[in-house]
Amino acid sequence: MKSDVIFRENLTKSDMENVREILTSTGFFYDFEIKVAIELVEEYLQKGKESGYLFLFAESGGRTIGYSCYGPIPCTKHSYDLYWIGVHNDFRGKGIGKKVLAESEKRMGELGGKKIFIETSSTEKYLPTRKFYLDCGYEECALLKEFYGPGDHKHIYEKAL
């Protein structure tokens, strides 16, 4: 693998499959969740920035290895949601996720973002995800009990830019 990571924002139809491959490889997401992530790519391809979703893809050695999806939160002045972030399982543990997150934060800031919100599950499987956000400077600001289902709470994290 080439060690350099390059980023791109321009989307193509092949990114629907790239997102599917990245998210499926992680083992974290249900099929219905992956379907939603792909639908967001499709919506962006149809509507562009008017969709409310923005994307950042990470590539290395000609291969798409990670991505994020984020956007301004409607009815706020400068808050952004990070809807999705994923790194292909073949590249996890190499700092790619931190690079994707940092570059996404930079771009949100350039768009006028002042605060970023991220949410994730409380299940044991998502412990590394929660640790990742904390390690990247996010603070937990809310816990919504039983949000996703019995015993599966929603953790919400925030970070000021």
Side-chain angles (χ1 to χ4, degrees), residues 1 3 5 7-9 11 14-44 51-61 63-74 76 79-108 113 115-161:
M1 172 185 97
S3 62
V5 174
F7 295 102
R8 66 175 172 85
E9 294 176 304
L11 275 69
S14 64
D15 287 319
M16 290 187 285
E17 186 55 36
N18 289 332
V19 166
R20 178 190 321 279
E21 183 179 334
I22 290 165
L23 296 180
T24 300
S25 78
T26 69
F28 278 77
F29 302 102
Y30 294 109
D31 289 343
F32 68 86
E33 292 172 308
I34 295 170
K35 182 180 177 198
V36 168
I38 294 166
E39 287 171 356
L40 298 183
V41 173
E42 190 172 26
E43 186 169 345
Y44 183 90
S51 68
Y53 303 108
L54 301 167
F55 291 84
L56 182 69
F57 287 89
E59 296 182 338
S60 182
R63 181 175 174 191
T64 302
I65 61 172
Y67 92 106
S68 68
C69 174
Y70 55 91
I73 301 173
T76 69
S79 295
Y80 276 71
D81 264 327
L82 180 70
Y83 298 111
W84 291 90
I85 185 167
V87 173
H88 194 286
N89 198 55
D90 292 349
F91 298 88
R92 287 185 65 210
K94 300 175 190 287
I96 306 297
K98 287 183 179 181
K99 288 180 181 181
V100 171
L101 183 57
E103 187 66 22
S104 300
E105 291 169 350
K106 176 183 161 204
R107 292 173 190 230
M108 285 182 251
K115 194 167 266 203
I116 301 170
F117 292 90
I118 301 173
E119 60 189 56
T120 194
S121 168
S122 69
T123 60
E124 187 70 24
K125 176 167 70 170
Y126 285 91
L127 182 60
T129 303
R130 296 190 303 272
K131 184 179 179 331
F132 171 76
Y133 295 139
L134 293 171
D135 289 347
C136 290
Y138 286 79
E139 295 181 6
E140 186 168 346
C141 61
L143 178 69
L144 306 180
K145 295 192 176 209
E146 309 287 321
F147 183 86
Y148 297 111
D152 191 359
H153 316 307
K154 178 197 274 191
H155 289 264
I156 302 174
Y157 297 89
E158 67 179 343
K159 183 177 187 179
L161 295 177

- Compare every heavy atom of Ser122 with every heavy atom of Gly151, then report the nearest pair and how far apart it is. O-OG, 3.6 Å

- Any chance you could lay out the side-chain hydrogen bond (donor to acceptor under 3.5 Å, both in side chains) test for Thr123 and Asp152, step after step, and finish with the verdict? CA-CA 6 Å; Thr123 60; Asp152 191 359; 4.8 Å; no

- Query: Of the non-hydrogen atoms in Ala58 and Phe7, which two are nearest, and what is the gap between them?
  - Reply: CB-CE2, 3.9 Å

- Between the CG atom in Asp81 and the CD1 atom in Ile156, the distance rounded to the nearest 0.5 Å is 9.0 Å

- Message: Are Phe28 and Thr120 packed together at the side-chain level, in the sense that at least one heavy-atom pair is separated by less than 4.5 angstrom?
- Response: no

- Task: Quickly, which of Glu21, Glu59, His88, Glu17 forms a side-chain hydrogen bond (donor to acceptor under 3.5 Å, both in side chains) with Thr64? Name it, please.
- Result: Glu59

- Where do Asp15 and Phe55 land on the side chain to side chain contact (heavy atoms under 4.5 Å, CB included) test, with the steps shown first? CA-CA 10 Å; Asp15 287 319; Phe55 291 84; over 6 Å; no

- Query: Phe132 and Lys98: side chain to side chain contact (heavy atoms under 4.5 Å, CB included), yes or no, with the steps?
  - Reply: CA-CA 8 Å; Phe132 171 76; Lys98 287 183 179 181; 3.6 Å; yes

- Note on the structure: Scanning both residues in full, the closest heavy-atom pair of Pro128 with Lys125 reads CD-O, 3.3 Å

- Query: So does Arg107 pair up with Glu103, basic N to acidic O under 4.0 Å?
  - Reply: yes

- Message: Rounded to the nearest 0.5 Å, what separates atom CD1 in Ile85 from atom SG in Cys136?
- Response: 7.5 Å

- Query: Where the side chain of Ser25 meets the backbone of Asn89, is there a donor-acceptor pair that is under 3.5 Å apart?
  - Reply: yes

- In terms of heavy-atom contacts, Thr76 and Ile73 come closest through OG1-O, 2.7 Å

- Quick one: pull up CE in Met108 and CG in Leu161 and give me the separation to the nearest 0.5 Å. 7.0 Å

- Task: With sequence neighbours excluded, give me every ring pair (Phe, Tyr, Trp, His ring centres under 6.0 Å) pair touching residues 140-161.
- Result: Tyr133-Tyr157

- Item | Any side-chain heavy-atom pair of Trp84 and Leu23 under 4.5 Å | yes

Please set out all donor-acceptor pairs under 3.5 angstrom arising from side-chain atoms of residues 31-39, sequence neighbours excluded.
from  : atom 1 : to    : atom 2 : distance (Å)
Glu33 : OE1    : Tyr30 : N      : 2.7

- Count the heavy atoms belonging to other residues, nucleotides or ligands that lie under 6.0 Å from NZ of Lys131, then report whether that count exceeds 12. no

- Task: Measure the spacing between CD of Glu158 and OH of Tyr138 and express it to the nearest 0.5 Å.
- Result: 10.5 Å

- Could you state the interatomic distance from NZ (Lys145) to NZ (Lys154), rounded to the nearest 0.5 Å? 15.5 Å

- Quick one: CG on Leu56 to CG on Leu11, what's the gap to the nearest 0.5 Å? 10.0 Å

- Query: Is the backbone N or O of Gly86 less than 3.5 Å from a side-chain atom of Arg92, with the two atoms forming a donor-acceptor pair by type?
  - Reply: no

- Message: Counting C-beta onward and ignoring hydrogens, is there a side-chain heavy-atom pair between Leu144 and Glu119 closer than 4.5 Å?
- Response: no

- From the list Tyr67, Phe117, Tyr53, ring pair (Phe, Tyr, Trp, His ring centres under 6.0 Å) partner of Tyr83 resolves to Tyr53

- Minimal heavy-atom distance between Ser60 and Ile65, with the atoms involved, is CB-CD1, 3.7 Å

- Can you find a pair of side-chain heavy atoms, one from Leu54 and one from Glu9, that are under 4.5 Å apart? no

